[in-house]
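One structure is given below, encoded as structure tokens.
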Number of protein chains: 2
Amino acid sequence: MTPIHQTRNELLIVAKRHFAARGYQGTSLAGVAAELGVTKQALLHHFKSKPLLYGACLDQLNQDLLHLLFTAMEGTEEAELQLERCLVALSEFYLQDSAAAALVIGALIDAPGQAALSAADVLPLQDFLEPLVALVQAVPRWRGGGFAEALAVAVELLGAICLQSAARSNLSIRFGETSVEQGRHLAARHARDLVKDRLGG
Amino acid sequence: MTPIHQTRNELLIVAKRHFAARGYQGTSLAGVAAELGVTKQALLHHFKSKPLLYGACLDQLNQDLLHLLFTAMEGTEEAELQLERCLVALSEFYLQDSAAAALVIGALIDAPGQAALSAADVLPLQDFLEPLVALVQAVPRWRGGGFAEALAVAVELLGAICLQSAARSNLSIRFGETSVEQGRHLAARHARDLVKDRLGG
DNA sequence: TTTTATACCTACCAAGTGGTAAGGGTTGTG
DNA sequence: CACAACCCTTACCACTTGGTAGGTATAAAA
């Protein structure tokens, strides 16, 4: 009963939500454990430490994003279309996993060395970021710009798409839940438009 | 000597940097005070509590952004041009005040009620967000879309511009400082292009 | 001079943090 | 049955956190 992988996955889901909502520093092991109905030592049993738990969350997120990216790249060689599919899929992914967007932004903003990222450790989401930048660089409009410009555009696109989902609950309080929810359902279309506007002619 | 306003302003500058780099929860009063060469009680003397210190930081940021917005709106009635100037000025502002971008994102992501934002308290940066959304809604391309769509576009633009600056140190480690610095100097031009692409025909 | 206010200090505290040690309960396996 | 592996517990610990209490030094105002 309660096979290990299922349990571990449930822990990760709750942990991701906490890390997303409160940030790395604002998340306490006791808080995550309490929501799961276990003690914090149960958490420390599965993941050895808080940084490792955070790392596991980002690893799982990284895998989800990679799957999303490679799926988007199937069936066509055209970089612009691949990017469009990828970012549309990303914005749709955020509709389900509402914690993911805040985690992505957190992983990009957090000062390295602060959380789970020691020197030897791989930087979180790097596996996803590198092909994304490469994809931007392969688009005709940005092909001549060099790596720095492609990186800037990739981060720009990421920021445009992530912030909306990450700020959902905050914006609901500011401007009313109906407006925000209305806007959320436009997310995929906006992502498509955004890519076309920024990468197309 | 050490007139109050100057001192208070220096405290705020350091505090903003800490809040931006480590987040609200990750910032300790002792840490901020140590960098200033004073004790944390000196901080608590000027700002009564940590939430109030955070609120003071966001208030100052709010004023800077408002000044930036109104300056951008002078001399023309055309919403699209106003928005273009505003977002270009914003990206240039981030070049100087590197903490600002992370603070903006933080203020948009933080679950309300967590930091300085009690129910009665005004939501941080709201004074800046509302006219920004109104400005998007006044642009011909989005005029027919309603409030929800304008809000989504405004947040999208904000995310695109803020994340680049907020993630600077992180991206430097990932992709090398030269590439990131190179991209930073393109920020203003990218902001202009972005607005034209997304708000123009 | 006395009073008041500002700016800052030392000393202290209750609460919460991540983490360790050690053991109990259950499960499969030899 | 014995044994080990796994899951999770209670108990505890060192440390940091935001915040309070009370005192000191300076300087301006009465």
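Each chain gets a letter, A, B and so on, in the order the sequences are listed, and its residues count up from 1.
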Quiz item: Do A:Lys16's NZ or CZ and the ring of A:Tyr54 fall within the cation-pi criteria of under 6.0 Å and 45°?
Solution: no
Quiz item: In whole angstrom, what separates A:Arg22's CZ from C:dG16's C1'?
Solution: 15 Å
Quiz item: When we call it a touch if two heavy atoms are under 4.0 Å apart, what does A:Ala42 touch: a base, just sugar-phosphate, or nothing?
Solution: base
Practice problem: Look up atom CH2 in A:Trp142 and atom CZ in A:Arg198, then write down how far apart they are to the nearest 0.5 Å. | Solution: 4.5 Å
Distance-only donor-acceptor hits, side chain of residues 185-195 of chain B, under 3.5 Å, sequence neighbours excluded:
unit_1, atom_1, unit_2, atom_2, d
B:Arg189, NH2, A:Glu149, OE2, 3.2
B:His190, NE2, A:Glu149, OE2, 2.9
B:Arg192, NH1, B:Glu84, OE2, 3.2

Practice problem: Using atom CG of B:Leu36 as one end and atom P of C:dC9 as the other, report the distance to the nearest whole Å. | Solution: 10 Å
Practice problem: Grab the NE2-C1' distance between A:His18 and C:dT17 for me, whole Å please. | Solution: 16 Å
Quiz item: Does A:His45 put a side-chain nitrogen or oxygen below 4.0 Å from OP1 or OP2 of D:dC7?
Solution: yes
Self-check item: Note, A:Gln182 side chain near B:Phe147 side chain (heavy atom, < 4.5 Å)
Solution: no
Any N/O pairs under 3.5 Å between the protein and nucleotides 17-19 of chain D? List them or say none.
unit_1, atom_1, unit_2, atom_2, d
D:dT17, OP1, B:Ser28, OG, 3.4
D:dG18, OP1, B:Thr27, O, 3.1
D:dG18, OP1, B:Lys50, NZ, 3.0
D:dG18, OP2, B:Leu29, N, 3.0
D:dG18, N7, B:Lys40, NZ, 2.8
D:dG18, O6, B:Lys40, NZ, 3.2
D:dG19, OP2, B:Lys50, N, 2.8
D:dG19, O6, B:Lys40, NZ, 3.0
D:dG19, O6, B:Gln41, NE2, 3.3

Quiz item: Would one find a side-chain N or O of A:His46 under 4.0 angstrom from OP1 or OP2 of D:dC8?
Solution: yes
Quiz item: Under the criterion side-chain contact (heavy atoms from CB on, under 4.5 Å), which of B:Leu125, B:Leu108, B:Val153 is the partner of B:Leu158?
Solution: B:Leu108
Quiz item: Can you tell me how far P of D:dC8 sits from CD of A:Glu10, to the nearest Å?
Solution: 10 Å
Quiz prompt | Test item: B:Glu74 and B:Arg85 side chains (from C-beta on) under 4.5 Å apart, heavy atoms | solution = no
